[in-house]
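Down below is the structure, laid out as structure tokens.
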Amino acid sequence: RASYYREHHHSLAGDNPLQPPEIEPLCTKCTSSIHLSTMVFVDASALKQAVCGPQKNNEFLIFVVFTALCIIVPLDISQLAFASLGALCYYLVTVASRWNTPQAKKQKFINEKVKIDTKPPAKTREKPCPPWREKASSKPAAEVSPPSLKPIVPVLAPKFQGVGLEAEIQELLQQIMPSKDSERAVERMAEAVRCLLATALPGLEVTGFASSDPSRGRANGVAVPDVDIVLNVRPDTNASMRGKMPNDPRMHQKAMLRLCADKLVSAGGFKFRRSAFKGTEPKVTLLAPAELGIFVEAIPVDISVNAVTPLRSAALLSECGSIDPRAKELIVLVRRWAKDRGVCHAPKGHLPPHVWSLLAIYFLQVTDTEGPVLPGIQEFELSAKLLPGGAAKSKTWSPSQGVEQASVAKLFQSFMHFYSSEFSWTKECVSVRLGQRGQVPLQLPIHIMTEDASSKTEVGPSIEDPFQPTNNLGSCMNPWSFARMKEELQRGAELLESSSLSTLLQPWAPPQEL
């Protein structure tokens with residue numbers, strides 16, 4: 001521009017020509033400004049390289065350039081002061097933001113963690129052992145590797161080392177028969193439940209029953225548990241609940257059951273599995289955790305309130321074993337077979353496990369294999385006290401003398417043959433109270449089953465409840481479950497003639513729909 005003015009001797013607009021003497025100071029000033037700006041930028045680059053190093057950070061460079069421009073531009077002293085103050089504030093904000101980055105926070109957390117880990121461990125106070133846990137020995141425990149997740153595999157039929165039906169059944173009975181250790185474990189389970197519910201129900205009484213070894217359950221273990229926990233609750237147990245519970249005994253039973261189940265799940269670590277409130281005795285199935293220290297694995301248990309069926313079933317099982325040990329073994333074996341083959345799940349219309357116990361007892365009362373093995377319940381010493389009469393009759397039964405006793409395997413074969421071929425399900429009645437074969441009594445209602453798809457009717461089985469003779473325990477069945485029961489009995493009678501026990505106990509699975 002200065003050169004252009006020097007050559008043409010006039011301004012850009014042409015109105016006020018500039019003389020060469022006036023142009024020279026302007027050229028000198030522009031040249032010095034250009035050199036000064038160049039030096040400032042060179043010095044700023046060198047200073048950035050010295051302070052920040054090779055990092056790609058432009059904040060410091062922006063600050064230097066901004067300061068240089070403030071010095072170069074002719075501003076008032078007040079404006080320059082405000083500009084410098086703003087630049088300083090911006091620099092402080094950018095420096096503070098660096099400490100809030102995720103990488104800086106992570107480094108700070110690592111440093112603090114290192115400081116914490118270097119501190120000596122504090123002495124922990126030993127917690128008292130719960131009353132249901134067994135006291136540990138003074139010997140040092142062996143190192144236990146952390147538990148690994150078990151893969152989900154289908155339940156298979158049991159395998160036996162023995163050869164022949166007799167050896168296989170004896171091997172299975174040694175595994176599933178309730179022992180003193182299993183009974184002690186069930187008692188500890190009942191004590192654990194009582195302790196967990198003691199705050200909500202101070203006067204609670206808890207009783208545990210085991211029909212077989214709980215640790216040996218296999219197929220349908222959650223659907224049909226081997227452990228029953230009965231909570232004996234009185235309406236006046238807790239004064240704070242008066243007026244909150246329904247007055248109807250059955251509704252009160254359900255409300256207390258829900259309350260106890262919620263408490264066990266929330267405070268005890270139990271896991272809810274299923275509920276059955278439609279039966280005569282409502283109950284819930286919970287999974288007792290292994291953390292209780294009672295069983296190695298989680299065990300399914302049935303929880304009920306003021307139920308009498310588990311007590312009666314346990315009394316019959318115990319007294320049958322005292323009369324003849326084979327009777328108890330046959331009852332446990334029949335229940336295990338019905339459980340594996342899926343014909344003892346009451347919500348599906350099958351006979352519950354305690355009814356299968358009555359079928360086994362009735363067979364032993366009327367069998368002609370070696371004569372009656374058991375008398376009628378009216379002649380039992382303990383169970384007869386639970387009957388409506390409340391007293392045992394005079395004993396007229398005596399075991400057969402001079403007859404070779406059949407083995408449990410032989411009795412099991414006869415049981416299948418008796419109910420699949422000899423017994424008439426529509427005309428005869430299962431009555432363990434009387435202990436003899438006969439027609440359906442008049443006071444027992446007949447169960448008529450109706451198919452849903454058609455109006456076809458069929459007479460169901462008649463099974464008398466010995467503790468309530470007017471109650472037909474077979475009224476829970478439907479046409480499909482009745483046909484399934486007869487099919488399984490026929491299958492069992494055929495397989496026991498030629499096949500092994502492992503084939504008989506193959507877990508049942510519903511047919512796949514194509």
Side-chain angles (χ1 to χ4, degrees), residues 132 147 149-156 176 178 182 185-186 188-197 200 204 206-231 233 253-307 309-310 313-314 335-336 338-356 476 481 507-510:
W132 64 83
L149 296 177
K150 296 183 178 180
I152 300 176
V153 295
V155 180
L156 303 177
I176 65 176
S182 62
V186 173
R188 292 167 55 198
M189 176 70 70
E191 179 66 17
V193 172
R194 189 194 66 80
C195 293
L196 292 172
L197 300 177
L204 180 66
V206 183
T207 311
F209 304 96
S211 58
S212 65
D213 192 345
S215 60
R216 296 290 183 173
R218 288 296 180 265
N220 301 314
V222 176
V224 188
D226 294 324
V227 179
D228 289 281
I229 302 296
V230 181
L231 313 177
V233 182
Q253 189 179 21
K254 293 181 179 180
M256 292 299 299
L257 183 58
R258 291 190 183 96
L259 174 65
C260 296
D262 293 341
K263 185 68 174 178
L264 292 175
V265 171
S266 60
F270 286 71
K271 294 183 179 180
F272 177 82
R273 282 297 174 260
R274 57 184 307 275
S275 61
F277 283 177
K278 294 183 179 180
T280 55
E281 293 180 345
K283 61 183 178 180
V284 295
T285 302
L286 302 180
L287 202 62
E291 287 75 12
L292 292 176
I294 301 175
F295 295 100
V296 179
E297 298 179 351
I299 298 295
V301 296
D302 275 342
I303 308 292
S304 57
V305 175
N306 297 339
T309 300
S313 181
R335 292 178 63 138
R336 174 59 184 267
K339 180 179 178 180
D340 286 352
R341 295 304 299 170
V343 289
C344 65
H345 191 28
K348 296 295 183 180
H350 299 291
L351 297 177
H354 71 276
V355 179
W356 281 104
C476 62
S481 62
W508 178 82

Please report the interatomic distance [atom1]([X]) to [atom2]([Y]), rounded to the nearest 0.5 Å.
| X | Y | atom1 | atom2 | result |
| --- | --- | --- | --- | --- |
| Arg336 | Ser212 | CZ | OG | 7.5 Å |
| Ser275 | Ile303 | OG | CD1 | 13.0 Å |
| Leu257 | Asp262 | CG | CG | 9.5 Å |
| Gln253 | Asn306 | CD | CG | 6.0 Å |
| Arg258 | Phe277 | CZ | CZ | 4.5 Å |
| Asp302 | Phe209 | CG | CZ | 13.0 Å |

Pair Ser304, Glu281 - check side-chain hydrogen bond (donor to acceptor under 3.5 Å, both in side chains), show working. CA-CA 7 Å; Ser304 57; Glu281 293 180 345; 5.9 Å; no
How far apart are the closest heavy atoms of [X] and [Y], and which atoms are they?
| X | Y | value |
| --- | --- | --- |
| Met256 | Val233 | CE-CG1, 3.5 Å |
| Leu196 | Ala267 | CD2-O, 4.3 Å |
| Asp226 | Asp213 | OD2-O, 4.1 Å |
| Pro353 | Cys344 | CD-O, 3.6 Å |
| Gly268 | Pro289 | O-CG, 3.7 Å |
| Arg274 | Pro347 | NH2-CG, 2.9 Å |

Any side-chain heavy-atom pair of [X] and [Y] under 4.5 Å:
| X | Y | value |
| --- | --- | --- |
| Val343 | Trp508 | no |
| Lys339 | Ser211 | no |
| Pro300 | Arg273 | no |
| Phe295 | Met189 | yes |
| Leu286 | Phe272 | yes |
| Val193 | Leu231 | yes |

I need the single residue from Ile229, Asp228, Thr207 that forms a side chain to side chain contact (heavy atoms under 4.5 Å, CB included) with Pro310. Which is it?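 Option passing the side chain to side chain contact (heavy atoms under 4.5 Å, CB included) with Pro310: Asp228.
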Can you list the steps and then say if Arg188 with Glu191 is a salt bridge (Lys or Arg N to Asp or Glu O under 4.0 Å)? CA-CA 5 Å; Arg188 292 167 55 198; Glu191 179 66 17; over 6 Å; no
Taking atom NZ of Lys263 as the centre, report whether more than 12 heavy atoms of other residues, nucleotides or ligands fall under 6.0 Å from it.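 No, not enclosed.
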